[in-house]
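Note that these values count all heavy atoms, side chains included, but never hydrogens, waters or copies made by symmetry. Chain A is the first sequence line, chain B the second, and so forth, proteins listed ahead of strands; every chain is numbered from 1.
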2 protein chains.
Amino acid sequence: MTDMSATAERLALVLTQAGMQRMAARVMCALLFCEEETTTAPELCEQLGASAGAVSGALKTLVSLRLAERMPAPAGDRRDHYRLRPDGWAVMTSSRDHLLDTMLRTADEGIEEVGEDSPAGLRLREMRDFYAYMLREMPALIDRWHEQRRVR
Amino acid sequence: MTDMSATAERLALVLTQAGMQRMAARVMCALLFCEEETTTAPELCEQLGASAGAVSGALKTLVSLRLAERMPAPAGDRRDHYRLRPDGWAVMTSSRDHLLDTMLRTADEGIEEVGEDSPAGLRLREMRDFYAYMLREMPALIDRWHEQRRVR
DNA sequence: GTGAAGTTTCAGTAATGATTGAAGATTCGG
DNA sequence: CCGAATCTTCAATCATTACTGAAACTTCAC
């Protein structure tokens, strides 16, 4: 059984602590460190010592998050091939935007409930202003990254 | 028993899904929505229907993360008082910087292992470049927020 | 000092979430 | 079409994490 490198496993652990599901993180790191362009599910099972079911679920998650994608299988190979999306890291970061939006809307709701000038209202306005700022600035930041990357 | 508002509980859930410990998130939201300047541990226990031990642990976490702070107790009250730090949301976001740094360093390690030009090396360089960019830009973004906030 | 009120720690338990394994569905070559 | 290979789903199990309750510790008024 060909294990994943220790560095890859360590990265998976970091991603897990940052909130990603464990198996999804491990599969992502296996895709990151794999020495081919693409990988198949059975290969991932072997490298990770995990069941086909677990890998299938993790791949589904990664694809739905747009971190990985299914590639057309080479002729004569029936197995699905997967790879990381080149812009996966930016996507991962951008996916926090809808969280920012939720925070903003929740703050607004809270203000509705308690009024603008109560102690809670003041705190909620701080929160709202911050997330409004972030929601304005983050997409622009990621766009600048794509821009920079394109001209390279 | 005075429960926390439904909006507050919902926000706690969002923070939990974003990776925060459950009880820490609930305490943070109770502090956010509370209608006094400060709150005591027993009040939090009552509002959250949680044990003193759980609240104590959550407060310790929040203080160590610089999201909440212990206030000097008013004369004649032996109980500790807590409040959210006004800049808590910015702190929460900034705390991801050391994660960015970890990602950057792990990518570098990976490149050491596999070389710059292998398929894995190319992917790892993508990753490294992205996190280097983020690590350069994020602190500046938060600084601009503090700047803006100060002039208001 | 002494005792009452408050806080923290920690072992045990409860709740939660992740993984397996097997059965069913799908896909493709022959 | 049929059968083999692969993939997906899901119920049961296992592992992890979070919470409680009780005991130990701290702090302060008297």
Side-chain angles (χ1 to χ4, degrees), chain A residues 1 3-4 9 12-31 36 38-65 67-83, chain B residues 1 3-4 9 12-31 36 38-65 67-83:
Chain A
M1 178 161 89
D3 284 7
M4 198 163 53
E9 283 286 10
L13 209 56
V14 171
L15 292 174
T16 301
Q17 284 160 355
M20 196 171 197
Q21 289 179 1
R22 183 184 133 92
M23 190 59 76
R26 294 184 72 210
V27 168
M28 181 163 184
C29 293
L31 289 172
E36 314 290 333
T38 64
T39 318
T40 64
E43 280 182 73
L44 291 167
C45 292
E46 196 195 333
Q47 281 186 30
L48 300 172
S51 72
V55 169
S56 171
L59 284 170
K60 192 177 164 188
T61 304
L62 291 175
V63 170
S64 79
L65 294 175
L67 298 178
E69 59 191 353
R70 191 184 300 228
M71 303 295 287
D77 191 346
R78 187 176 300 169
R79 297 170 305 177
D80 289 345
H81 284 238
Y82 293 89
R83 69 164 190 186
Chain B
M1 178 161 89
D3 285 5
M4 200 163 50
E9 283 286 10
L13 210 57
V14 171
L15 291 174
T16 301
Q17 285 161 354
M20 196 172 197
Q21 289 180 4
R22 184 184 131 90
M23 190 58 76
R26 293 185 71 211
V27 168
M28 180 163 185
C29 293
L31 289 172
E36 314 290 333
T38 64
T39 320
T40 65
E43 280 181 74
L44 290 167
C45 292
E46 196 195 333
Q47 282 186 31
L48 299 172
S51 72
V55 169
S56 170
L59 283 170
K60 193 176 162 188
T61 303
L62 290 175
V63 169
S64 78
L65 294 175
L67 299 177
E69 58 192 352
R70 191 184 302 230
M71 303 295 286
D77 192 345
R78 188 177 301 169
R79 296 171 306 177
D80 289 345
H81 284 238
Y82 293 89
R83 70 163 189 185

Next item on the list: Using whole Å, report how far CG of B:L44 lies from P of D:dC19.
Entry: 14 Å

Note to self: How close do B:L48 and B:A30 get, counting heavy atoms only, and between which atoms?
What the structure shows: CD2-CB, 4.3 Å

Notebook entry, point to check: When you measure from the side chain of A:R79, which nucleotide among D:dT6, C:dG21, C:dT9 comes out closest?
Noted result: D:dT6

Check: What's the spacing between A:Q21 CD and A:R26 CZ if we round to 0.5 Å?
Finding: 13.5 Å

Item checked: Between C1' of D:dC19 and CE of B:M23, the distance in whole Å -> 7 Å

Item checked: Nearest-angstrom distance from the residue atom CD of B:Q21 to C1' of D:dT17 -> 9 Å

Margin query: Nearest whole Å is fine: how far is D:dT8 C1' from A:L62 CG?
Written below: 16 Å

Notebook entry, point to check: Rounded to the nearest Å, what distance is computed from the CD atom of residue A:E43 to the C1' atom of nucleotide D:dC7?
Noted result: 16 Å

Notebook entry, point to check: Base, sugar-phosphate, or nothing: which does A:R70 touch, judged by heavy atoms less than 4.0 Å apart?
Noted result: sugar-phosphate

Note to self: With a 4.0 Å limit, can you tell me whether A:K60 has a side-chain N or O closer than that to the phosphate oxygens OP1/OP2 of D:dC7?
What the structure shows: no

Notebook entry, point to check: Out of B:T38, B:L62, B:T39, B:L59, which one pairs with B:Y82 under the side chain to side chain contact (heavy atoms under 4.5 Å, CB included) rule?
Noted result: B:L59

Note to self: Rounding to an integer number of Å, can you tell me how far B:E46 CD sits from C:dG6 P?
What the structure shows: 13 Å

Check: What is the minimum heavy-atom distance between A:A12 and A:A25, and which atoms define it?
Finding: O-CB, 3.6 Å

Margin query: Looking only at the side chain of B:A54 (C-beta and beyond, no hydrogens), which of the listed nucleotides D:dT8, C:dT20, D:dC19 gets closest?
Written below: D:dC19

Notebook entry, point to check: Taking the side chain of B:R22 as its heavy atoms from C-beta onward, which of D:dT8, C:dT8, D:dA18 lies nearest to it?
Noted result: D:dA18

Check: To the nearest angstrom, how far is A:L59 atom CG from D:dC7 atom C1'?
Finding: 10 Å

Notebook entry, point to check: Which whole-number value in Å describes the distance from B:Q17 CD to C:dG17 P?
Noted result: 9 Å

